[in-house]
Q: 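Okay, here's the structure, questions in a sec.
FYI, side chains are in, hydrogens and waters are out, and symmetry mates aren't considered; it's all heavy atoms of this structure.
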Amino acid sequence: MADYACINPTKTLFKPISSSSSFNYTNKLVTPNNWNYKPKSLLNSNTKFPAIYASSSSSTPKIDVMNKVHVNEDIINAIKGSLSNCLSETNLIDTVPGLMSKTRGKVRDIYDGGDFLVLVTTDRQSAFDRVLASIPFKGQVLNETSLWWFDQTRHITPNAVLSVPDKNVTIAKKCTIFPVEFVVRGFVTGSTDTSLWTVYKNGVRNYCGNAIPDGLVKNQRLEKNILTPTTKAADHDVPVTPDEIVERGLMTKDDYDEVSMKALSLFEYGQGVAREHGLILVDTKYEFGKTSDGTIVLVDEVHTPDSSRYWIANSYEERFQRGQEPENIDKEFLRLWFKDHCNPYEDEVLPEAPEELVCELAWRYIFLYETITGAKFELPNTNVPVHDRISQNVSSALALLR
């Protein structure tokens with residue numbers, strides 16, 4: 001384990017919230033007057049999920065958006081109107097006093113504020129270890145989705161949010177992160193080089209220390225959830241076994257044992273919450289860090305559509321029996337589109353994602369946020385340029401924290 005800036009500068013780091021603290025978003029966050037965060041109930045027990053899916057067997061994803069319910073036309077129009085106005089880059093160094101440096105990750109821009117880190121979640125969409133496109137409102141969705149899950153999972157592990165001054169921003173205390181991503185899987189699926197289905201169809205039967213039986217097919221549920229850790233090598237993820245993690249000094253055995261238990265518990269809890277809302281949490285990744293007092297904390301993001309795969313529960317079994325791809329509300333269909341149209345790992349220049357797919361992904365992210373949290377997605381005030389809004393809110397929050 002080493003300093004965060006040396007190990008993995010693209011990842012986010014947080015200050016832990018005490019497990020005994022009573023954290024809720026309405027009375028603990030540093031919230032500017034122009035952002036009244038008031039979650040409202042959106043979905044009811046009669047909600048029917050849309051039929052949306054993608055298959056790599058065709059040249060373009062098959063997307064049926066006609067059955068969407070509770071579709072707010074204001075949101076749809078806002079998505080279309082924001083295609084050319086996404087938060088793709090930030091430069092708070094020039095607009096917020098006291099920030100010393102910027103590290104640009106695939107999705108987050110991380111600013112060093114001395115005792116604090118300012119983590120801005122942008123609208124950049126990443127996959128295959130690179131940026132594919134910019135998705136309207138994606139940064140806000142990820143930030144607010146993670147906040148909800150951080151609050152819901154404090155009984156499993158301390159989380160680390162210190163302040164949330166803006167829809168796209170989290171302010172955090174610095175900590176040291178483990179150079180290991182804890183990927184938890186419940187199904188044999190995926191399309192990336194490190195996905196379980198990819199390695200399984202290539203003949204691998206022991207993956208990251210897990211014995212995988214013969215005879216499985218794509219999208220099949222595993223007998224039990226498994227942990228498949230990865231670490232960074234240059235600019236891509238590399239699978240690693242628990243023994244290798246300890247032998248290479250990436251983590252101590254005690255730290256690995258504690259974190260692996262937390263990861264599996266978080267995933268099981270997340271699956272339960274998803275199931276209650278008609279969804280299947282298929283797989284996800286977690287990252288953990290250690291504070292100066294030795295406390296292990298959950299960092300980065302939790303159960304977002306960027307870090308996780310979600311399927312629609314009520315159609316999974318029938319589609320699986322027919323050999324069809326599950327209905328999904330994550331970014332998998334965009335991954336498949338790029339795999340059908342280029343080599344996303346090797347091509348220097350990628351094709352531009354079709355506008356229809358970008359809008360669809362923006363809607364799916366909002367749909368997932370509202371489905372899981374029960375809160376209505378609140379569109380940002382477009383009268384103030386987003387970079388100006390973030391700069392103002394971050395400056396105000398840092399002034400209170402210092």
Side-chain angles (χ1 to χ4, degrees), residues 1-18 21 23 25 28-32 87-124 126 139-140 142-147 149-151 154 157-181 232 285-302 304 306-307 386-387 389-402:
M1 194 164 61
D3 183 77
Y4 76 94
C6 299
I7 285 294
N8 194 350
T10 68
K11 302 306 176 184
T12 57
L13 310 167
F14 303 92
K15 175 184 176 181
I17 296 173
S18 168
S21 65
F23 179 85
Y25 303 138
K28 297 291 279 189
L29 301 184
V30 180
T31 307
L87 182 63
S88 300
E89 297 290 341
T90 66
N91 192 22
L92 301 189
I93 292 293
D94 294 337
T95 58
V96 177
L99 297 183
M100 295 178 288
S101 64
K102 170 187 174 181
T103 301
R104 186 183 188 274
K106 289 190 290 290
V107 174
R108 290 169 181 82
D109 289 343
I110 305 173
Y111 294 89
D112 188 341
D115 292 334
F116 308 106
L117 293 178
V118 177
L119 314 168
V120 184
T121 308
T122 72
D123 297 331
R124 297 192 294 264
S126 69
Q140 176 182 338
L142 294 192
N143 204 45
E144 294 183 343
T145 301
S146 283
L147 289 176
W149 280 109
F150 275 128
D151 188 38
R154 286 183 296 111
T157 179
N159 71 57
V161 179
L162 175 61
S163 173
V164 184
D166 186 272
K167 295 174 182 289
N168 289 71
V169 181
T170 294
I171 296 179
K173 269 283 191 178
K174 292 179 179 177
C175 72
T176 305
I177 63 171
F178 298 109
V180 176
E181 291 187 350
K232 286 290 181 183
K285 71 175 182 66
Y286 305 105
E287 295 188 53
F288 293 84
K290 182 176 280 191
T291 63
S292 58
D293 65 1
T295 302
I296 291 177
V297 295
L298 178 64
V299 302
D300 201 52
E301 58 185 322
V302 188
T304 70
D306 248 25
S307 65
V386 61
H387 198 279
R389 185 200 78 205
I390 290 174
S391 298
Q392 176 185 345
N393 291 342
V394 170
S395 295
S396 300
L398 288 177
L400 292 174
L401 290 171
R402 287 169 176 155

Q: Any idea which heavy atoms bring S395 and T95 closest together, and the distance?
A: OG-O, 4.0 Å
Q: Identify the two heavy atoms, one from V302 and one from W149, that lie closest to each other, and give their separation to 0.1 Å.
A: O-CD1, 3.3 Å
Q: If I take atom OG1 from residue T170 and atom CD from residue E144, how far apart are they, to the nearest 0.5 angstrom?
A: 10.0 Å
Q: Closest approach of V299 and F288, non-hydrogen atoms and distance?
A: CG2-N, 3.9 Å
Q: Measure the OG1-CD distance between T145 and Q140 for me, rounded to the nearest 0.5 Å.
A: 9.5 Å
Q: Mind listing the closest non-hydrogen atom pair of A397 and P165 along with its distance?
A: CB-CB, 3.4 Å
Q: Within the side chain of N143, is there an N or O that forms a donor-acceptor pair under 3.5 Å with the backbone of K167?
A: yes
Q: Quick check on side chain to side chain contact (heavy atoms under 4.5 Å, CB included): which of T90, L398, N393 does V96 satisfy it with?
A: L398
Q: E301 versus K285: any side-chain heavy-atom pair under 4.5 Å?
A: yes
Q: Determine the minimum heavy-atom distance between S163 and L401, stating which atoms define it.
A: CB-CD1, 4.1 Å
Q: Got a second to check how far I171's CD1 is from D115's CG, nearest 0.5 Å?
A: 12.5 Å
Q: I'd like to know if the side chain of T304 pairs up with that of D306 as donor and acceptor (distance under 3.5 Å, no hydrogens or angles considered).
A: no
Q: To the nearest 0.5 angstrom, please state how far the CD1 atom of I110 sits from the CG atom of L117.
A: 7.0 Å
Q: Under the 3.5 angstrom rule, does the side chain of N168 hit a backbone N or O of V120 as a donor-acceptor pair?
A: no
Q: Distance from L87 atom CG to I390 atom CD1, nearest 0.5 Å?
A: 4.5 Å
Q: State, to 0.1 Å, how close L99 and G113 come at their nearest heavy-atom pair, and which atoms those are.
A: CD2-CA, 3.9 Å
Q: Taking D123 for its side chain and S88 for its backbone only, find out whether a donor-acceptor pair lies under 3.5 Å.
A: no
Q: Does D94 pair with K102 as a salt bridge, N-O distance under 4.0 Å?
A: no
Q: Kindly indicate whether a cation-pi arrangement holds for K173 with F116, taking the cut-offs as under 6.0 Å to the six-membered ring centre and within 45° of the axis.
A: yes
Q: Hey, what do you get for CZ (R108) to CZ (R124), rounding to the nearest 0.5 Å?
A: 10.0 Å
Q: Test your reading of the model: is there a side-chain donor-acceptor pair from T157 to the backbone of V297, 3.5 Å cut-off?
A: no
